[in-house]
Asks: 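Please find one structure pasted underneath; my questions will follow.
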Amino acid sequence: MELSERKIKILQTVIRTYLETGEPVGSRTISKDTDLNLSSATIRNEMSDLEEMGYIVQPHTSAGRIPTDLAYRLYVDTMLDDKTSEVQSLKEQLEEKAGKIDVLLKQVAKYLANNTNYATMVSGPRYKSKKVKFIQITPVDAESLLTVIVLDNNVVKNQMFKTSEPVEQELVVKLNFILNTTLNGLDVTEMNLAVIRQIKEQAGSHAGIIDAVLELIGNALTEDDDLEIYTSGATNFLKYPELSSKSETTELLNAFEEKKIINNWLETTGAGNETHDIQVYIGNETKVESMKDCSMVTATYRIHEGVYGKIGIVGPKRMDYDKVVSTLQSLMVQLDDIFKDG
């Protein structure tokens with residue numbers, strides 16, 4: 001059975017009305033709101049078809065219908081294509097905070113929570129890949145070296161290690177030159193066997209020192225940094241009856257406090273997507289048990305090439321998708337301008 005234009009209009013009315021009221025929608029309500037001029041009996045027949053097709057469900061006998069996840073998915077996919085909205089003062093508000101990225105991102109989380117009435121979370125920026133910026137080996141005593149690695153995100157890693165033989169200053173200068181000229185600007189995927197062999201050949205009999213330094217560099221490039229997560233509006237969950245039961249609210253609030261879980265949400269839902277594309281995850285699509293009755297809308301902000309972070313908005317499945325997507329689209333435009341000018 002295909003969705004006729006009439007069925008689509010009735011389904012749209014059911015979704016919009018339920019988004020506004022949170023109450024099951026009956027045929028009489030639809031007959032007042034739609035421009036189809038159909039009788040309640042005809043609407044009931046169409047709603048029966050929609051229920052059979054899996055788009056609406058009757059929560060209990062004698063009640064109206066509510067949208068299913070399938071209906072929300074149709075709504076998101078087909079009814080939000082061309083939504084754009086400009087918030088004129090947003091850029092000015094954010095630019096006031098743009099001096100420090102952490103303050104700016106806190107402001108973003110707060111702005112979204114206030115303007116959508118949902119819970120929001122913003123991850124701090126991370127590098128898609130990290131590269132070597134500078135390496136410095138420094139003698140501490142006759143048989144101890146301090147190695148300092150500076151990455152292109154200005155993270156500094158250092159480690160002290162012992163050598164099997166005294167190291168002269170002339171050798172230290174040589175090793176620093178070899179390492180910096182060979183590895184500068186490379187990420188871990190570019191440090192292949194050929195590059196490592198080249199370094200060891202130039203270092204000659206001192207390959208043991210090179211091994212220790214390369215191990216430190218490899219660890220620095222591959223280890224995960226502790227991501228900062230900025231949240232706002234978690235208490236907005238209490239505004240929605242379907243999310244305000246004691247157990248469900250406690251689970252959601254605990255999840256927001258456990259920032260590692262939030263980061264997993266953002267990374268899982270946004271995996272492989274470093275573009276601005278706004279993604280909508282409904283119910284079990286989030287693959288997070290505590291969010292089975294929620295929807296999540298995510299986007300990716302990019303500071304510059306390879307440096308990005310995630311934004312997520314979480315609310316009930318009857319979320320006002322129009323408003324959330326429009327607000328998020330406008331925000332991404334403003335952030336692009338701020339980071340471009342920064």
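These numbers were taken from a predicted model, which means no experiment stands behind them.
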Asks: Answer whether the closest heavy-atom distance between the side chains of K310 and T298 falls below 4.5 Å.
Replies: no
Asks: Test side chain to side chain contact (heavy atoms under 4.5 Å, CB included) on L146 and N158 and set out the steps.
Replies: CA-CA 7 Å; L146 173 66; N158 60 76; 4.2 Å; yes
Asks: Taking the side chain as everything from C-beta on, heavy atoms only, tell me whether Q169 gets closer than 4.5 Å to L171.
Replies: no
Asks: Go through the structure and list residues passing side-chain contact (heavy atoms from CB on, under 4.5 Å) with L70, not counting sequence neighbours.
Replies: Y55, T68
Asks: Let me see the working for S330 and T327 under side-chain hydrogen bond (donor to acceptor under 3.5 Å, both in side chains), right down to the final yes or no.
Replies: CA-CA 5 Å; S330 179; T327 301; over 6 Å; no
Asks: Please determine whether residues I135 and V173 belong to a single hydrophobic cluster, defined as Ile, Leu, Val, Met, Phe, Trp and Tyr linked transitively by side-chain heavy-atom distances below 4.5 Å.
Replies: no
Asks: Is any side-chain heavy atom of M160 closer than 4.5 Å to one of V140?
Replies: yes
Asks: Any side-chain heavy-atom pair from Q136 and N176 closer than 4.5 angstrom?
Replies: yes
Asks: Are any side-chain N or O atoms of T42 and backbone N or O atoms of L38, one a donor and one an acceptor, separated by less than 3.5 Å?
Replies: no
Asks: For Y75 and D322, run side-chain hydrogen bond (donor to acceptor under 3.5 Å, both in side chains): C-alpha distance rounded to whole Å, both residues' side-chain angles, the deciding distance at 0.1 Å, then the answer.
Replies: CA-CA 10 Å; Y75 180 74; D322 283 20; 3.1 Å; yes
Asks: Find out if a path of hydrophobic residues (ILVMFWY) with successive side-chain heavy-atom gaps under 4.5 Å connects I210 to F177.
Replies: no
Asks: Less than 4.0 Å between a side-chain N and a carboxylate O, is that true for K317 and E242?
Replies: no
Asks: A side-chain contact here means heavy atoms from C-beta on lying under 4.5 Å apart; do Q198 and I178 qualify?
Replies: no
Asks: Hydrophobic cluster membership, with links at side-chain heavy-atom distances under 4.5 Å among I/L/V/M/F/W/Y: are L175 and V195 in one?
Replies: yes
Asks: In Å and rounded to the nearest 0.5 Å, what is the CG to CD distance from L179 to Q202?
Replies: 9.5 Å
Asks: Is there a side-chain contact between V122 and I229 (heavy atoms, below 4.5 Å)?
Replies: no
Asks: Kindly compute the distance separating CG (D320) from CG (N117), expressed to the nearest 0.5 Å.
Replies: 10.0 Å
Asks: Taking the six-membered ring for Trp, are F237 and Y118 ring centroids under 6.0 Å apart?
Replies: no
Asks: Measuring from atom CG of L104 to atom CG of L335, what distance do you get when rounded to the nearest 0.5 angstrom?
Replies: 6.0 Å
Asks: Taking the side chain as every heavy atom from C-beta outward, state whether I66 and Q58 have any pair of such atoms under 4.5 Å apart.
Replies: no
Asks: What's the separation between atom CD1 in I30 and atom OG1 in T17, rounded to the nearest 0.5 Å?
Replies: 7.0 Å
Asks: For a 4.5 angstrom cut-off between non-hydrogen side-chain atoms, does V172 reach T138?
Replies: no
Asks: Just verifying a value: how many Å separate E46 CD and I8 CD1, rounded to the nearest 0.5 Å?
Replies: 11.0 Å
Asks: Test salt bridge (Lys or Arg N to Asp or Glu O under 4.0 Å) on D211 and K200 and set out the steps.
Replies: CA-CA 9 Å; D211 284 337; K200 288 187 174 182; 2.6 Å; yes
Asks: Looking at K9 and E5, does any basic side-chain N land under 4.0 Å from a carboxylate oxygen?
Replies: yes
Asks: Could you tell me the separation between the CD atom of E51 and the CD1 atom of I56, rounded to the nearest 0.5 Å?
Replies: 6.0 Å
Asks: For residues 3-24, which residue pairs pass the ring-ring contact (aromatic ring centres under 6.0 Å, His included) check, not counting sequence neighbours?
Replies: none
Asks: Is there a side-chain hydrogen bond (donor to acceptor under 3.5 Å, both in side chains) between S295 and Y321 once you walk through the steps?
Replies: CA-CA 9 Å; S295 284; Y321 296 98; 2.8 Å; yes
